2 protein chains.
Amino acid sequence: MLSEAGRPLFPKELFDKAQVLLPSLGIATVFRTLKKMVEEGSAKVVNLPGDSPRYERSDLAHHHHFKCFECESVFEINGSPGPLEKLLPEGFQLTDHEITLFGRCADCSAKRS
Amino acid sequence: MLSEAGRPLFPKELFDKAQVLLPSLGIATVFRTLKKMVEEGSAKVVNLPGDSPRYERSDLAHHHHFKCFECESVFEINGSPGPLEKLLPEGFQLTDHEITLFGRCADCSAKRS
DNA sequence: ATCTTAATGATAGTGGATTATCAATAAGTG
DNA sequence: CACTTATTGATAATCCACTATCATTAAGAT
């Protein structure tokens, strides 16, 4: 149940993938396992705006996500824009940030022209 | 029902605020009105990671949001980090982005020291 | 004012994700 | 192996945001 793709997955996606290998698997076990993995630190919750939580392994380098609004696919984006601290008002402390890019992925862009 | 605060609001928040002025108001009307306003373009949906949709007036300049993980308050953040296009892989087209900063707001930072 | 049509409020219903329950199965242990 | 304990699968139950329904009320029109 541990392996993952190059993008964060929904519990249901994980369930479908895992069920191919372990047909008796139940969805409850997926949720239980994910919860445990997050507590233990081996998995991370990925909340993209407007969607229910996805999950990814936690040993990935800091990255963000791109969501194609046409095929709904999510991609990992490496690299970061400039420093974000300078955007904060006086007295605010920054501890985390989430950047989601939206647009058309390479495939959907190609199919369009 | 139209006026709003300096931050995006949940339908329920809007409902509570409006009910003070118009005690007979029902929650259905809030949802209906918001839907209409979004269609007409006078309001905008704000999806912050992990939360249900908030709403804000659409005549605001481009901005992002900061969410205090202590008091849960959301603040508008003006300004933008560097260009985001350069983060994209070949062939990807960027049409929108969402940046959410997390941390401790000025009030919660102060109360802490 | 009378008739017609649109907007509203109360609330039941829906949809989707997640959790609880509990009997069945699998793991450990000695 | 016999027994104790933990894990699992199936599914009912829960939670929440949102929508549908429909009788009532308010607006408009003449």
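Sequence lines set the chain letters: A, B, ... in the order given, protein chains first and strands last, and positions in each chain run from 1. Every value quoted in this text rests on a predicted model; they were computed, and no experiment measured them. Quick note: numbers below take in every heavy atom, side chains included, and nothing from hydrogens, waters or symmetry partners.
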Between [atom2] of [N] and [atom1] of [X], the distance in whole Å:
{"X": "Lys35(A)", "N": "dT7(D)", "atom1": "NZ", "atom2": "P", "result": "14 Å"}
{"X": "Leu22(A)", "N": "dG9(D)", "atom1": "CG", "atom2": "C1'", "result": "11 Å"}
{"X": "Phe31(A)", "N": "dA12(D)", "atom1": "CZ", "atom2": "C1'", "result": "15 Å"}
{"X": "Leu9(B)", "N": "dA17(D)", "atom1": "CG", "atom2": "C1'", "result": "16 Å"}
{"X": "Arg54(B)", "N": "dA17(D)", "atom1": "CZ", "atom2": "P", "result": "11 Å"}
{"X": "Phe15(B)", "N": "dC16(D)", "atom1": "CZ", "atom2": "P", "result": "17 Å"}
{"X": "Glu13(B)", "N": "dC16(D)", "atom1": "CD", "atom2": "C1'", "result": "15 Å"}

- Query: Does any N or O in the side chain of Ser58(A) come within less than 3.5 Å of the main-chain N or O of Lys44(A), such that one atom is a donor and the other an acceptor?
  - Reply: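 No, because the side chain of Ser58(A) does not come within donor-acceptor range (under 3.5 Å) of the backbone of Lys44(A).
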- Check whether any side-chain N or O of Ser73(B) sits under 3.5 Å from a backbone N or O of Cys68(B) as a donor-acceptor pair, and report yes or no.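 Checking the backbone N and O of Cys68(B) against the side chain of Ser73(B), no donor-acceptor pair under 3.5 Å is found.
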- Do the side chains of Phe102(A) and Thr100(A) get nearer than 4.5 Å, heavy atoms only?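 A side-chain contact exists here, since the closest heavy-atom pair is under 4.5 Å.
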- Item | Non-hydrogen side-chain atoms of Tyr55(A) and Val45(A) separated by less than 4.5 Å |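 A side-chain contact exists here, since the closest heavy-atom pair is under 4.5 Å.
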- Given dA17(D), dA10(D), dT11(D), which nucleotide is nearest the side-chain atoms of Arg32(A)?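 The answer is dA10(D).
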- Message: Whether the His97(A) and His62(A) side chains hold a donor-acceptor pair (N or O, under 3.5 Å, no angle test) is what I'd like checked.
- Response: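 Side chains of His97(A) and His62(A): pair found under 3.5 Å.
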- Message: Between Phe10(A) and Gln19(B), which residue's closest nucleotide on DNA chain C lies nearer the 5′ terminus?
- Response: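 Its nearest nucleotide lies further toward 5', so the answer is Gln19(B).
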- Task: Take Lys12(B) and Ala28(A), find for each the nucleotide of DNA chain D with the closest heavy atom, and name the residue whose nucleotide sits nearer the 5' end.
- Result: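 Final value for this comparison: Ala28(A).
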- Is it true that Glu40(A) and Lys35(A) have a side-chain N and a carboxylate O under 4.0 angstrom from each other?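 Looking at Glu40(A) and Lys35(A), the cut-off is not met.
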- Message: So that I can tick it off, tell me whether Arg54(A) and Glu13(A) are bridged by a salt bridge, with the cut-off set at under 4.0 angstrom between side-chain N and carboxylate O.
- Response: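 The answer is no: the pair does not qualify as a salt bridge.
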- Can you list the residues that meet the salt bridge (Lys or Arg N to Asp or Glu O under 4.0 Å) rule with Arg32(A), with sequence neighbours excluded?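 For Arg32(A) there are no salt bridge (Lys or Arg N to Asp or Glu O under 4.0 Å) partners, ignoring immediate neighbours.
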- Query: According to the Watson-Crick and G-U wobble definition with distances under 3.5 Å, which dot-bracket string, read 5' to 3', encodes DNA chain D, using [ ] for crossing pairs and | for pairs with another strand?
  - Reply: ||||||||||||||||||||||||||||||
- Message: Of all nucleotides in DNA chain C that come within under 4.0 Å of a heavy atom of chain A, which is furthest toward the 5' end and which toward the 3' end?
- Response: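 Under 4.0 Å from chain A, the extent on DNA chain C is dA17(C) to dT21(C).
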- Task: Report yes if the distance between the aromatic ring centroids of Phe75(A) and Phe92(B) is under 6.0 Å, otherwise no.
- Result: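 Yes, they do, as the ring centres are separated by less than 6.0 Å.
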